[in-house]
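Remember, predicted model here, so these are calculated numbers, not experimental data.
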Amino acid sequence: MKTLRAMTVVLLLSSPAWADNVEARARGIGHNLRCLVCQGEAVEESNAEFARDIRALVREQIKAGKTDEEILAFMRERYGDFILMKP
């Protein structure tokens with residue numbers, strides 16, 4: 001049973017639809033996070049190294065099963081209210 005469950009998870013994670021969903025969610029979250037280097041741009045729009053790191057971190061958290069709200073709360077806790085485009 002565990003093997004079947006593990007195979008199902010692997011298949012879901014490797015599906016194009018799941019990957020598209022991760023990207024769509026990550027972009028949505030990224031538009032709500034401010035680049036702390038550029039300050040006027042969302043991390044999704046910024047080319048700063050900080051923004052690239054945050055985009056990767058968001059995608060890692062999505063893949064780990066975190067909700068959008070959990071990810072935003074984590075970022076807020078880690079970087080303060082200013083990281084939110086609309087605190």
Side-chain angles (χ1 to χ4, degrees):
M1 186 69 170
K2 287 184 180 182
T3 304
L4 180 59
R5 194 174 300 152
M7 286 177 35
T8 302
V9 169
V10 168
L11 288 173
L12 286 173
L13 294 178
S14 62
S15 76
W18 188 85
D20 289 345
N21 185 44
V22 168
E23 283 305 307
R25 280 186 60 204
R27 283 192 296 271
I29 293 168
H31 283 293
N32 290 305
L33 296 172
R34 181 186 321 274
C35 176
L36 299 182
V37 174
C38 303
Q39 296 187 8
E41 290 183 327
V43 297
E44 201 58 34
E45 300 163 351
S46 173
N47 288 323
E49 187 175 341
F50 173 81
R52 286 192 299 270
D53 291 345
I54 294 297
R55 288 192 298 265
L57 183 56
V58 166
R59 283 162 177 79
E60 286 174 17
Q61 291 196 354
I62 290 171
K63 290 175 184 174
K66 302 288 184 178
T67 66
D68 293 6
E69 292 78 20
E70 289 172 324
I71 296 169
L72 291 172
F74 170 81
M75 294 296 178
R76 185 176 176 205
E77 184 177 307
R78 191 173 208 188
Y79 297 104
D81 288 341
F82 191 69
I83 194 147
L84 301 177
M85 291 297 283
K86 297 178 183 176

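- With sequence neighbours left out, Glu41 forms a side-chain contact (heavy atoms from CB on, under 4.5 Å) with Cys38, Glu45, Ser46.
- In this structure, Glu60 contributes its side chain and Leu57 its backbone to no donor-acceptor pair below 3.5 Å.
- Sequence neighbours left out, not one pair with a member in residues 25-49 passes ring-ring contact (aromatic ring centres under 6.0 Å, His included).
- Within a 6.0 Å sphere centred on CD of Glu49, heavy atoms belonging to other residues, nucleotides or ligands number 12 at most.
- The ring-ring contact (aromatic ring centres under 6.0 Å, His included) analysis of residues 39-87, with sequence neighbours excluded, yields the pairs Phe50-Tyr79.
- Partners of Arg25 under the side-chain hydrogen bond (donor to acceptor under 3.5 Å, both in side chains) rule, at least two apart in sequence or in another chain, are Asp68.
- Asp53 is linked by a side-chain hydrogen bond (donor to acceptor under 3.5 Å, both in side chains) to nothing, counting only residues two or more places apart in sequence or in another chain.
- Legend: residues meeting side-chain hydrogen bond (donor to acceptor under 3.5 Å, both in side chains) with Asn47, ordered by chain and number and at least two apart, are absent.
- Sequence neighbours left out, the pairs with a member in residues 74-86 that pass salt bridge (Lys or Arg N to Asp or Glu O under 4.0 Å) are Arg76-Asp81.
- Residues Ala26 and Ile62 share a closest heavy-atom pair of N-CD1, 3.5 Å.
- Note that CG of Leu72 is 13.0 Å distant from NZ of Lys66, once rounded to the nearest 0.5 Å.
- Taking CD of Gln61 as the start and CD1 of Ile54 as the end, the distance is 9.0 Å to the nearest 0.5 Å.
- Remark: Arg52 pairs with no residue by the salt bridge (charged side-chain N to carboxylate O under 4.0 Å, His left out) rule, at least two apart or across chains.
- Atoms CZ and CD1, on Arg34 and Ile83 in that order, are 9.0 Å from each other to the nearest 0.5 Å.
- Judged as a side-chain hydrogen bond (donor to acceptor under 3.5 Å, both in side chains), and not counting sequence neighbours, Arg27 has no contacts.
- Here the closest non-hydrogen pair linking Leu33 and Val58 is CD1-CG2, 4.0 Å.
- Salt-bridge check for Arg59 with Glu23: passed, with a basic side-chain N closer than 4.0 Å to an acidic carboxylate O.
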